Protein chains: 2
Amino acid sequence: MNTPTLTKNQTLVLDVLTRSEAPVSAYTILDKLRDQGFRAPLQVYRALDKLIEMGIAHRLESLNSFVACAHANESCCGHGHGHGHHGTVAFAICESCGQVNEFHDHAIDDRLNGWAKDRKFKPSKTTIEIRGLCEACMH
Amino acid sequence: MNTPTLTKNQTLVLDVLTRSEAPVSAYTILDKLRDQGFRAPLQVYRALDKLIEMGIAHRLESLNSFVACAHANESCCGHGHGHGHHGTVAFAICESCGQVNEFHDHAIDDRLNGWAKDRKFKPSKTTIEIRGLCEACMH
DNA sequence: TTCGTTGTGTTATTCTATAACGTGTGGCAT
DNA sequence: ATGCCACACGTTATAGAATAACACAACGAA
């Protein structure tokens, strides 16, 4: 019920994201895929665009980097990948170790949607990113 | 009780931000200040860093652009500029006209802080940006 | 077959941000 | 006053992120 068949480049890029512990920049992806024949940034960006469009990957705006979606097969509220979305996704990013924690919170969604509705603002994409220190990295 | 006296460059940059209806990129700021003697990006970035540090300006991560703080003299909850923060600020950005609406919502703050506290994650900076269409730009 | 769509590859260019120097000034302790 | 330090400022060069513009190949639908 998932992946609408990925192309070769999309698969390669997704693999890099999946294998990485931390977010990866487009140019880092490029470097990691030179051996597989990648030569230009566009090859990476095009694959990323599709993956993000499919909801399989996310872009971290505050880092200019990318991660694989952590909820690939999840359906906490009747939403898998196939149809809709699990609302807006939020990220907690450790500035020390780089680890990213992806989560979603309906109360926040409701709040933001409420604000938007009140002002007749039509949201297309919402970004929530918390930068800070994870427990392991605090001294 | 405000501005801890801005330097010349900081004042110039803030003026550009204040006068602009929409977010401005660093290089656009640079161009607008060439007449006042600006010649290099760093002059802009350094001023921006300070302004942001003071809470007088904000960076929009999803746009790589900057805006003047809309709450400069506000104290909705006992917080002005001087001491602390009015929690986390959120932005609604119209992708058509570029207008930005800055707001803050304690329920969201509480929710995010709760999530962080549960996981012993220590937030340093939180980004919330809603991209979409404002009422005026919907057809 | 023919056409349109989609993925691809390549070169060049634009936009965003920082590194690494060096200069000048104002405070302030001695 | 002298020496020192912090800090704003200026400049050149470079790194990092993203897109423009063009060309080609594979594939399915009409």
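Just so it is clear: chains get the letters A, B, ... in the order the sequence lines come, proteins before strands, and each one is counted from 1. Computed from a predicted structure; not experimentally measured.
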Stepwise, does the salt bridge (charged side-chain N to carboxylate O under 4.0 Å, His left out) test hold for Arg131(A) with Glu129(A)? CA-CA 6 Å; Arg131(A) 316 248 327 229; Glu129(A) 296 176 16; 6.0 Å; no

Just the rounded figure in Å: distance from C1' of dG22(C) to CZ of Arg46(B). 11 Å

Give the C-alpha distance, both sets of side-chain angles, the deciding distance and a yes or no for salt bridge (charged side-chain N to carboxylate O under 4.0 Å, His left out) between Arg46(A) and Asp49(A). CA-CA 5 Å; Arg46(A) 290 204 270 235; Asp49(A) 285 346; over 6 Å; no

When the distance from NZ of Lys8(B) to C1' of dC9(D) is rounded to whole Å, what number comes out? 9 Å

note: Tyr27(A), atom OH; dT16(C), atom C1'; distance rounded to Å ~ 12 Å

Arg39(B), CZ: over 12 other non-hydrogen atoms inside 6.0 angstrom: no

Starting at CG of Leu12(B) and ending at C1' of dA8(D), how long is that distance when rounded to a whole Å? 13 Å

Under 4.0 Å, counting only non-hydrogen atoms across every strand here, what does Arg39(A) touch: a base, just sugar-phosphate, or nothing? sugar-phosphate

So, does Thr7(B) get its side chain near the phosphate of dA8(D), meaning an N or O under 4.0 Å from OP1 or OP2? no

d(CG, Leu42(A); P, dC22(D)) in whole Å: 14 Å

If we ignore hydrogens and angles and just use 3.5 Å, is the side chain of Thr11(A) paired with the main-chain N or O of Thr7(A) as donor and acceptor? yes

Distance in angstrom units between Asp49(A) CG and dT8(C) P, rounded: 12 Å

Map Asn64(B) and Gln43(B) onto DNA chain D by nearest heavy atom, then report which one ends up closer to the 5' terminus. Gln43(B)

Nucleotide nearest Tyr45(A) (side chain, heavy atoms from C-beta), chosen from dA17(D), dG7(C), dT11(C): dA17(D)

Name the closest nucleotide to the Arg59(A) side chain, picking from dA18(D), dA17(C), dA17(D). dA18(D)

Calculate the interatomic distance between Leu48(B) atom CG and dA8(D) atom C1'; express it in whole Å. 15 Å

Integer-rounded Å distance: dA8(D) C1' and Leu51(B) CG: 13 Å

